[in-house]
Amino acid sequence: MTVDSLFILNTSGTPVIQKHWCDDVSIQRASLVVVPAFTKYLRSFAAMHDAEPVWSAPLDTVCIHIQRKELVYLGIVSQEIPPLEVLELLEGVDQALTEYIGLLSEVTIKENFTTVYQLLSEMVDSGCAVTTDTSVLRGLVPVPSLVNRVIENVSGIGIGTEKRPDVNTSSTPWRAQGIRHTNNEFFVDVVEKIDAIVNSNGSVVSYDVSGDIGCKSRLSGMPDLLLALNQPEVMDDVAFHPCVRINKWENEGVIGFVPPDGQFKLASFHVATDASPRTLPIYVHATTTRQDLARTIELSAEVGQCGGRPIEKVQVRVPLPAQAYNIRVQCKAGTYTVSNGRTSQVEWSMKTLKAGDRSSRLVIQYFVRQSAVTNAAAGNSSPQAVSSDQDMAQEAFVDFEVAGYSVSSIKVDSLKLMRESYKLFKGVRYITKAGSFQVRF
Amino acid sequence: MMNSTIQTNIARLQIMKAKVLAALRKGENYELKTELNSEYKERRKEAVRRVIANMTVGKDVSGLFTDVLKNMHTDDLEIKKLIYLYLINYAKTQPDLVILAINTFVKDAEDTNPLIRALAIRTMGCLHVEEVLDYLCDPLHKCLKDTNPYVRKTAVMCVAKVYDLSVDVAEDNGFVESVREALSDSNSMVVSNAVSALVEMNDMSPHHDVWRLDANTVGKLLTAINECIEWGQIAILETLVDYTPRDEKEAENICERLLPRLQHANGSVVLTTVRLLLKYEKHVHRADLLAQFSKKMVPPLITLLSSDPEIQYVALRNINIILQRHPKLLSKEIRVFFCRYNDPIYVKYEKLDVLVRICSERNTEPLLNELKEYAKEVDMDFVSRAVQAISRLAIRYETAAEKAIKVLLELLETRANHIVQSCMVALQDILRRYPRCFDSLVDGLCEYVDDVNEPEARAALIWILGEYSESVTNISNILTSFLESFLEEEDSGVQLALINAAVKFFLKSPQQGQTLVLKALQTATEKCANPDVRDRAYIYWRLLSADPNAARAVALAEKPAIELENVDLSPQLLEELVNELGCVSSVLQKPARLFVYSLAEKAGVPRDSGISAMGLDDADSVAAGAGDGAGSSSAGIDASNEGEPELLISF
């Protein structure tokens with residue numbers, strides 16, 4: 001048994017739904033002692049996401065949880081089991097629920113609780129994860145749709161019951177028999193993400209490229225595909241969808257598979273550190289100046305190396321320190337917004353940024369609340385005293401997308417169809433995106 | 001006339017009130033009862049939904065048992081599932097009534113729809129009622145031989161539930177044997193479920209004799225694993241942990257067949273595979289193979305670090321343990337562990353730990369620059385840990401000391417309160433480690449005399465001043481000013497440091513220091529309330545008056561070089577945790593026998609007897625305590641607790 005109980009809580013830590021696979025005493029313990037204690041633990045953090053995902057709770061239990069949007073998924077464990085298994089399961093539950101219900105919240109979960117229960121009992125049997133694959137689940141639990149509900153309520157006939165759910169028991173559990181499409185199409189998306197930290201002097205502190213090969217398959221019958229890449233050796237760690245034959249990849253470096261129908265992630269990969277030339281598609285420079293109480297940050301963005309393509313969806317986020325007020329922004333290109341939460345943040349967006357654009361600049365100016373400055377200047381040592389360094393914004397987060405460019409220069413060489421004789425329409429797209437892209441000032 | 005109308009109205013109102021009250025008394029359950037017996041299918045269906053909804057929020061709907069049961073015979077799969085859910089919930093409290101449902105179960109177990117067959121058999125197992133056992137045997141036999149693998153895999157799991165209720169029934173009916181046979185099933189889902197069921201039964205049986213892994217079975221499982229989905233793979237991999245290969249050849253073979261598992265998107269598959277490799281590689285001696293294993297392990301571990309923060313956390317906790325076994329494994333990958341501004345704090349702490357651990361002499365410079373960036377962040381705890389990491393690096397690598405001190409001095413210049421405190425302590429450690437190497441900087445530290453307001457930092461600065469009194473220009477003034485607030489000092493550590501510093505200063509320059517040391521000793525012996533401080537002062541006083549040379553030998557003695565504080569686990573605990581790599585114990589970094597109840601009993605660890613008696617409030621306060629402690633435990637491994645498991649038991 002992996003998990004004893006599974007709870008879905010709202011953000012204030014109140015259970016919305018619970019399911020148990022343990023005996024009565026443990027159920028009582030979990031709901032009367034462990035969950036209240038866990039709630040208290042969550043609330044002890046100023047920012048809830050700082051709560052450790054694996055927490056040793058009272059009564060010899062361990063609470064393992066993830067936080068996704070408005071919900072907290074909690075697994076309670078009393079055995080020596082791998083927490084990653086629980087984390088992956090909870091993640092799977094979140095994904096399955098999202099696919100079935102759409103936008104997840106306390107309200108939508110409650111509205112669809114029968115679906116949630118059906119899903120949970122298929123996904124976990126006697127505390128062990130059985131399946132999280134939504135294409136399998138769809139065969140077992142009907143997807144609730146608004147239309148179904150309406151018809152059911154009006155006519156009194158449940159149409160969900162007419163289409164009998166089927167169990168796929170073939171040797172390819174991810175693909176049902178007898179799929180038909182009028183147009184046979186197969187699309188490949190190679191999406192690469194750059195994680196980087198760039199220092200104030202422009203030097204790259206950390207640089208990491210990882211990517212996904214996403215596919216959309218609309219093929220009839222039982223197609224067998226062979227996908228070849230131009231330089232598979234660049235990928236130093238590849239994780240495949242279960243449909244891929246690992247041995248073929250190991251021996252021949254090609255990806256052979258019978259694809260599931262619809263959208264799926266064929267592979268995710270990591271680009272070898274020594275193979276990537278550490279090129280940045282975009283450069284964001286910042287100069288900071290301070291004068292009395294005024295602080296000024298001048299930002300400029302420039303196209304770097306990205307195969308001569310324009311950069312799209314550029315977004316630069318600058319979190320401002322807590323003591324900033326009277327924020328003024330001048331913007332020469334694109335648009336900006338200033339959001340005021342607990343701390344303020346300036347967000348600068350540009351639809352496209354082309355090579356040679358010299359005008360893309362943004363100037364942020366703000367004032368620092370005086371109390372903080374005098375404290376620091378006088379060397380006053382009250383615990384709240386803040387250094388002069390900390391009233392300056394520290395960094396910017398950059399988001400962008402470059403269509404048609406692969407930073408690792410991985411390309412799909414060929415895609416061959418076997419076992420089926422129809423003509424196949426194929427398409428390949430490359431996108432390079434920012435992952436966690438941070439520029440320090 | 002008026003009166004009588006009013007009276008009739010009042011009478012009417014009273015009747016209404018009585019009706020309302022009656023309705024309220026009967027409550028929602030009464031209404032549901034009517035609905036459940038409605039002649040309209042849709043209303044019954046909605047009523048069942050409402051019953052289950054009430055059940056799940058903890059309302060007692062057990063009184064509706066018979067009414068719910070009436071709806072059990074339906075073609076609607078959703079309603080069937082919900083009613084089964086209801087039965088599982090209340091079967092234990094009303095086992096007699098469950099018998100009423102048996103007929104439907106038995107019939108469903110022979111339905112043409114495999115989903116319904118599986119559902120029936122699964123639910124009958126989940127009921128966990130002995131009364132059902134007699135009726136369960138026949139359908140279970142059939143389902144174990146079902147043509148549909150979905151039904152077979154469900155039936156296999158059901159056997160473990162039967163075994164839990166009655167070992168005899170499970171053995172005598174040959175169910176356990178059927179599960180063993182299921183290991184050779186053509187469908188991989190059935191195989192992996194059979195493995196799960198056997199492991200579960202093995203744990204339940206007192207002598208663990210339900211199943212023993214032999215070479216033959218291991219081979220079979222390793223073949224089946226290629227076909228399995230992720231969860232099946234995990235089940236099989238976890239079983240292999242208990243297997244000891246017969247010889248080196250077999251260990252090599254198993255490892256090689258495990259390697260492809262490292263290429264899985266599921267982090268748990270990856271980490272369990274790493275665990276197995278670390279376990280089996282002890283039996284392997286071929287250097288080329290070992291090198292290959294290590295090389296293959298690195299990329300997937302790195303990939304885990306680009307997953308969700310929760311997964312990163314577990315990965316980092318485990319990497320921390322792996323590194324104690326293979327210190328060089330990730331030394332080229334140091335940059336992957338650099339903290340990001342938006343990492344949750346628990347990830348940052350773990351990354352810091354790993355960074356210091358894997359840093360080699362070559363890359364101290366970039367790491368020190370990086371740590372300097374962290375020291376500018378807002379979170380004060382993180383800042384002080386970053387500064388601490390700087391001193392740890394300097395203590396470990398002599399070549400890094402100079403750069404570390406430069407960084408610390410730069411940080412001091414920011415004059416941010418919390419940074420100054422941590423830096424001062426860090427500087428003390430470094431100066432202690434490399435005596436007489438950095439005399440020139442001490443004078444500059446006097447600037448911060450007014451900034452050190454934490455006792456620990458103040459004690460650190462005073463220690464530095466005493467140790468390097470000859471390099472400080474107005475040492476006498478500074479120590480005198482510290483001495484003036486001697487009695488207000490709340491922390492005896494600072495007072496002790498001050499007495500030591502005064503004595504050292506006097507011994508080094510008797511003329512300037514005489515008045516100061518006298519004043520210090522006088523204040524301490526006459527006015528100080530703390531006996532430790534008083535005693536120390538008396539000892540120095542007598543020593544100085546009896547034999548100044550002896551005093552010199554004591555106070556200015558050559559100090560033993562300090563070592564890096566012990567952050568490694570004890571070899572014994574490390575061995576235990578590597579074996580349990582990826583499991584709860586390796587994340588909490590305490591062995592399983594301390595928190596898994598059954599293991600604890602076996603190991604004879606003394607435990608709180610009053611676990612179930614523990615009230616809600618108690619548990620809450622314990623939980624809050626543990627929450628507070630969470631920060632310190634993630635800082636590294638709490639070495640002090642290792643030897644004394646008793647301390648940890650009542651967490």
Side-chain angles (χ1 to χ4, degrees), chain A residues 17 24 33 37 40-41 44 49-50 52-54 56 58-60 62 66 79-85 87-88 113-114 117-118 125-126 128-131 156 158 161 164-165 167 169 197 205-206 208 210 236-240 242 246 268 270 379 381 383 385-387 389-390 394-395 436 438, chain B residues 41-42 49 53 76-78 81-82 85 114-115 148-150 157 196 229 231 234 260 263-268 271-272 299-300 303 306 310-311 313-314 335 338 340-341 344-346 376 414-417 451 453 582-585 587-588 592 595-597 616 619-620 622-624 627 630 651:
Chain A
I17 251 174
D24 279 358
V33 180
K40 210 163 169 176
Y41 169 67
S44 69
H49 74 264
D50 280 338
E52 280 176 31
V54 183
S56 105
L59 303 188
D60 291 328
V62 177
I66 61 170
Q79 299 284 323
E80 172 74 327
I81 51 93
L84 267 192
E85 195 180 334
L87 289 173
E88 297 273 7
F113 79 95
T114 53
Y117 270 110
Q118 292 186 59
D125 189 0
S126 45
C128 299
V130 182
T131 182
T161 55
R164 171 181 285 184
V167 197
T169 55
I197 303 176
V205 180
S206 114
D208 198 58
S210 55
D236 73 344
D237 180 33
V238 197
F240 289 110
I246 302 235
S268 49
H270 179 260
S381 40
V386 181
S387 82
D389 240 24
Q390 289 187 323
Q394 302 273 346
E395 61 254 290
S436 164
Q438 181 184 343
Chain B
K41 193 179 161 195
E42 256 330 284
R49 279 198 188 128
D76 190 321
L77 198 55
E78 183 189 338
K81 281 183 184 170
L82 291 181
L85 199 69
L115 270 186
N148 189 302
Y150 180 77
M157 287 306 272
S196 300
I229 61 161
W231 306 107
I234 295 173
Q263 292 187 336
H264 202 288
N266 186 309
S268 193
L271 209 52
T272 314
T303 305
S306 45
E310 293 93 354
I311 289 176
Y313 172 74
V314 174
R335 282 166 193 274
F338 282 4
R340 290 169 194 287
Y341 180 81
I345 197 74
Y346 55 83
K376 292 179 190 164
T414 64
R415 287 200 178 249
N417 186 45
D451 293 313
N453 42 31
C583 289
V584 173
S585 57
V587 176
L588 301 176
F595 63 89
V596 177
Y597 192 74
L616 188 61
D620 272 1
V622 170
F651 67 91

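Numbered from 1 within each chain, the chains take letters A, B, ... in sequence-line order. Remember, predicted model here, so these are calculated numbers, not experimental data.
Partners of B/Asn266 by side-chain contact (heavy atoms from CB on, under 4.5 Å), not counting sequence neighbours, listed by chain and number: A/Glu88, B/Glu230, B/Trp231, B/Ile234, B/His264, B/Ser268, B/Val269. B/Tyr341 meets the ring-ring contact (aromatic ring centres under 6.0 Å, His included) test with A/Phe397; sequence neighbours excluded.
Going from atom NZ of B/Lys376 over to atom CD of A/Glu395 covers 10.5 Å, rounded to the nearest 0.5 Å. Here B/Arg335 contributes atom CZ and A/Asp208 contributes atom CG; the two are 12.0 Å apart, rounded to the nearest 0.5 Å. Distance check, rounded to the nearest 0.5 Å: CD1 of B/Ile229 to OG1 of A/Thr131 gives 4.0 Å. Expressed to the nearest 0.5 Å, how far CD of B/Glu310 lies from CD1 of A/Ile66 amounts to 6.0 Å.
Within the 4.5 angstrom heavy-atom criterion, only side-chain atoms of A/Tyr117, from C-beta onward, approach chain B. Using a 4.5 Å cut-off between heavy atoms, A/His49 contacts chain B through both its backbone and its side chain. In this structure, the portions of A/Glu85 lying under 4.5 Å from any heavy atom of chain B include both its backbone and its side chain. Heavy atoms closer than 4.5 Å to chain B are found in both the backbone and the side chain of A/Ile81. At a 4.5 Å heavy-atom cutoff, the contact between B/Ile345 and chain A is made by backbone and side-chain atoms alike.
Residues A/Asp50 and B/Tyr346 come closest through the heavy atom pair O-CD2, 3.2 Å. Of all the heavy atoms in B/Val584 and A/Glu80, the pair that sits closest is N-OE1, 3.5 Å. Closest approach of A/Asp236 and B/Pro299 over heavy atoms only: O-CB, 3.3 Å. Annotation for A/Leu84 and B/Ile311: closest pair CD2-CG2, 3.7 Å, computed over non-hydrogen atoms.
Under a 3.5 Å cut-off, the side chain of A/Gln118 and the backbone N or O of B/Glu78 do not form any donor-acceptor pair.
Ranking A/Asp125, A/Ile17, A/Ile246 against chain B, the residue ahead of the rest is A/Asp125, based on heavy-atom pairs under 4.5 Å.
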